J.: 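Quick one: structure below, then a few questions.
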Amino acid sequence: MDLDYSPQERAFQADLRDFLAEHLPRDIAAKVTARREVSKDDMERWHAILNARGWLAGSWPKAFGGEGWGPIEQHVFEEECCLAGAPRIVPFGVKMLGPVLMQFGTPEQQADLLPRILDGTDWWCQGYSEPGAGSDLASLKTRADRDGDHYVINGQKTWTTLGQYANRIFCLVRTKVDGKPQEGISFVLVDLDSPGIEMRPIRLIEGGYEVNEVFFTDVRVPVANLVGAENEGWTIAKFLLGHERTNIAGVGFSVQALEQVKSLARQITRNGRPLIQNTLFAARLARIEAELDAMKITNLRMLARAAQGGRLGAEPSMLKIKGTEIRQAINDLARRALGPAAAPFPSEDLDGNLSIAPEGHAHDAASYFNNRKISIYGGSNEIQRNILAKGMMAR
Amino acid sequence: MSDDRRMLAETLRRYLSEQYGWDHRLRVAYQAPFHDPEKWAGMADLGLFHALVGEDRGGMGGSGFDIAVIFEEIGRALCPEPVLGAVMAARLLSATGTPLTALLSGETRYAVAIGELDAPYDLDGIACRADRTGDGWRLTGRKSVVYGGGVADRLLVAARANGQIALFDLAAAEADLHPYAMIDGGPAAEVLLEDTPATPILPAAQAALSDALDWGALALSAEALGAMEATSAALIDYLGTRKQFGQPIGTFQALQHRAVDLTIDIEQARSIVILAASAMGTPVQAKRVAQAKHLVGRVARKLAEEAIQMHGGIAMTWEYPVSHYAKRLVMIDHQLGDSDHHLGRLIETLQTA
């Protein structure tokens with residue numbers, strides 16, 4: 001196989017680099033590379049810049065306002081954005097609901113909702129997980145009972161990422177209690193300003209707020225907000241999880257983070273010598289770099305197969321396991337490299353003159369802790385291993 | 001274990017669970033001054049500081065096992081009080097013959113300032129300078145991430161004087177102190193010294209400082225052991241009660257085997273801490289401590305990561321205690337020499353043997 005991009009793909013890559021150099025706001029990139037919190041305003045600004053160029057939803061078909069990118073172009077786009085320090089595109093509208101509406105939505109839903117995703121009118125969030133149903137989605141309990149031309153929703157969702165910024169939520173709800181648990185689930189769209197909804201922030205391990213609990217008490221939702229057929233939600237959920245895993249290897253994040261650790265290890269000295277000359281530390285770096293270089297090719301091989309129209313079976317699960325393990329190992333190295341300088345609880349008091357960690361690294365320990373989530377969410381790595389094992393043993 | 005020691009451990013455990021409950025701990029650990037002076041005094045009343053010091057110096061303990069049992073309880077309760085400074089200061093002050101009365105009563109809080117940004121664990125790289133002036137000595141330099149520094153009354157500072165590493169004593173108020181909380185809770189500080197007057201208490205302090213670092217590393221290893229026991233108990237309880245796919249997740253063999261491996265690791269960690277505690281004051285002290293801090297550092301991080309993973313999202317939340325235990329377990333490796341640093345010491349002993 002070809003280990004390099006085609007001439008067209010390389011030309012696209014060059015365009016992207018020029019675009020990012022010219023249009024990615026420096027202040028936002030500085031926050032991203034220092035792993036500081038990116039504000040709602042930052043994300044909206046970046047979305048608008050991409051949308052103006054037609055690249056916010058490049059993988060959407062041209063008919064819906066996209067560029068019709070295939071898997072390789074999508075990958076090039078994501079990698080270049082990561083390397084430049086662009087914030088991640090908030091996935092809930094563009095990557096998740098958009099494709100669902102194109103596949104399962106009515107023409108009215110498509111015409112109404114897709115443009116609002118692109119122009120930033122709607123900020124969607126996801127209502128899948130529940131306190132008793134994390135990776136085991138089939139056991140979800142949030143009820144939607146039919147009452148005339150409305151559903152009445154009662155229950156609780158959790159781990160709703162960036163829900164504090166959203167005006168709408170797409171939810172998996174139970175519309176039938178008897179029969180197989182997967183067969184009574186529906187996919188509905190809910191306005192977050194509906195009476196009976198309460199959103200409560202969840203504080204995370206490192207002290208930040210990015211996820212929420214959402215409580216539904218007798219929330220009335222028009223039946224027109226159902227996507228697909230009633231009780232067909234499981235099919236949509238599976239379709240969507242497949243989409244969620246397309247960039248789950250996160251190669252771009254890892255490449256960017258590893259370069260930062262390498263430069264940190266050259267910058268930090270221990271008793272007069274750069275840390276990178278410490279054999280034990282250098283060995284850890286070298287080991288991870290070999291894994292990451294292999295991962296790039298594993299990812300490209302799987303993308304090439306997808307681009308040629310091959311069915312992706314177990315590949316997304318493999319990419320998720322290996323990709324998250326590598327990213328976490330890099331976060332671990334960054335934290336280790338700092339030694340005691342990793343210890344302070346990040347606060348404004350420590351910025352500026354009193355910075356203890358080298359510039360841009362004050363949040364390395366916090367982001368190590370925060371990124372323990374990546375092997376848990378989107379179907380934990382244990383679930384991915386079960387999927388792989390099932391596939392292997394079935395042969 | 002002697003009866004006295006067992007009694008002290010039990011008393012301390014009861015005190016911490018009754019007086020230093022979880023909500024209190026969280027508040028204290030992250031709100032200035034990041035410790036609770038009242039509870040510090042309460043711990044002194046229990047005889048905690050007397051247990052850190054031998055009878056010849058006015059205390060009632062001072063063995064490796066005394067330090068280990070106390071710190072195991074501190075770790076189990078995730079107590080952020082800066083007792084580590086007292087352990088290390090007691091060793092240093094004993095080496096100089098300074099009276100320990102104020103340390104033993106808990107009245108004076110000490111912090112030990114050795115590490116610097118470029119030389120966090122090693123005495124060799126110390127750049128902080130001591131200069132003789134007409135009326136005494138003055139220190140210039142920066143001591144970084146000084147544990148307990150923000151709440152200390154007195155500082156013991158290692159500095160370079162006349163070509164060797166010497167030890168100085170000064171009132172904390174004399175230094176330019178910048179206190180902050182650690183990411184796993186509890187107080188630390190940057191200590192900026194610029195022509196700061198200080199009293200020399202030990203001119204050739206290399207050996208005494210190495211010894212104090214060993215005792216500190218033993219204390220931290222034992223603290224990690226207590227925190228590991230608490231974390232592992234929470235994990236096993238969770239595996240037995242949390243249901244997914246219609247059954248407790250603890251019935252899945254993939255998780256069972258990982259939980260068993262962690263239990264074996266913790267037993268190994270306990271053994272190496274016992275070995276180190278028994279070696280204190282003997283010729284193999286340095287090697288045993290390096291083995292303990294290295295092994296504990298590895299096992300603690302693994303347990304922290306596995307406990308979060310096997311709990312799932314709940315252990316990612318501030319509200320659930322395991323997240324705070326996990327932070328402490330990982331960050332203990334950043335104090336007084338990480339796993340690689342102590343592995344490096346062990347490699348040297350192999351190569352020079």
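Here the structure is a predicted model, which is why all the values come from computation and not from measurement. Naming convention: chains lettered A, B, ... in sequence-line order (proteins, then strands); numbering from 1 in each chain.
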J.: Among the options Q244(B), M182(B), H311(B), M316(B), pick out the one with the most heavy-atom pairs lying under 4.5 Å from chain A.
T.: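 Max contact count across the listed options: M316(B).
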
J.: Side chain, backbone, both or neither: which part of Q328(A) has a non-hydrogen atom closer than 4.5 Å to chain B?
T.: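 For Q328(A), there is no contact with chain B at all, as no heavy atom is under 4.5 Å.
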
J.: Is it the backbone or the side chain of N278(A) that comes under 4.5 Å from a heavy atom of chain B, or both, or neither?
T.: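 It is neither, since no heavy atom gets under 4.5 Å.
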
J.: Between F252(B) and chain A, which part of the residue has a heavy atom less than 4.5 Å away: side chain, backbone, both or neither?
T.: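 Neither; nothing under 4.5 Å.
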
J.: Need one label for T317(B): side chain, backbone, both or neither, based on atoms under 4.5 Å from any heavy atom in chain A.
T.: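 Its backbone and side chain both get close to chain A.
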
J.: Between I268(A) and chain B, which part of the residue has a heavy atom less than 4.5 Å away: side chain, backbone, both or neither?
T.: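 No part of it gets close to chain B.
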
J.: Considering only heavy atoms, which portion of R284(A) lies under 4.5 Å from any heavy atom of chain B: side chain, backbone, both, or neither?
T.: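 Side chain only.
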
J.: So what's closer than 4.5 Å to chain A heavy atoms on Y320(B): side chain, backbone, both or neither?
T.: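 Answer is neither: Y320(B) stays 4.5 Å or more from chain A.
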
J.: Counting only heavy atoms closer than 4.5 Å, note whether P131(A) contacts chain B via side chain, backbone, both or neither.
T.: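 Contact with chain B is through the backbone of P131(A) alone.
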
J.: Against chain A, work out which of V330(B), I308(B), L117(B) has the most heavy-atom pairs shorter than 4.5 Å and name it.
T.: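 Looking at each option in turn, the highest pair count goes to V330(B).
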
J.: Can you tell which part of S375(A) gets under 4.5 Å to a heavy atom of chain B, answering side chain, backbone, both or neither?
T.: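 The answer is both parts of S375(A).
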
J.: Counting only heavy atoms closer than 4.5 Å, note whether A133(A) contacts chain B via side chain, backbone, both or neither.
T.: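 Contact with chain B involves the backbone of A133(A) alone.
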
J.: Quick check: F345(A) with Y180(B) (ring centres under 6.0 Å apart)?
T.: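 Centroid distance Y180(B)-F345(A): not below 6.0 Å, so no.
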
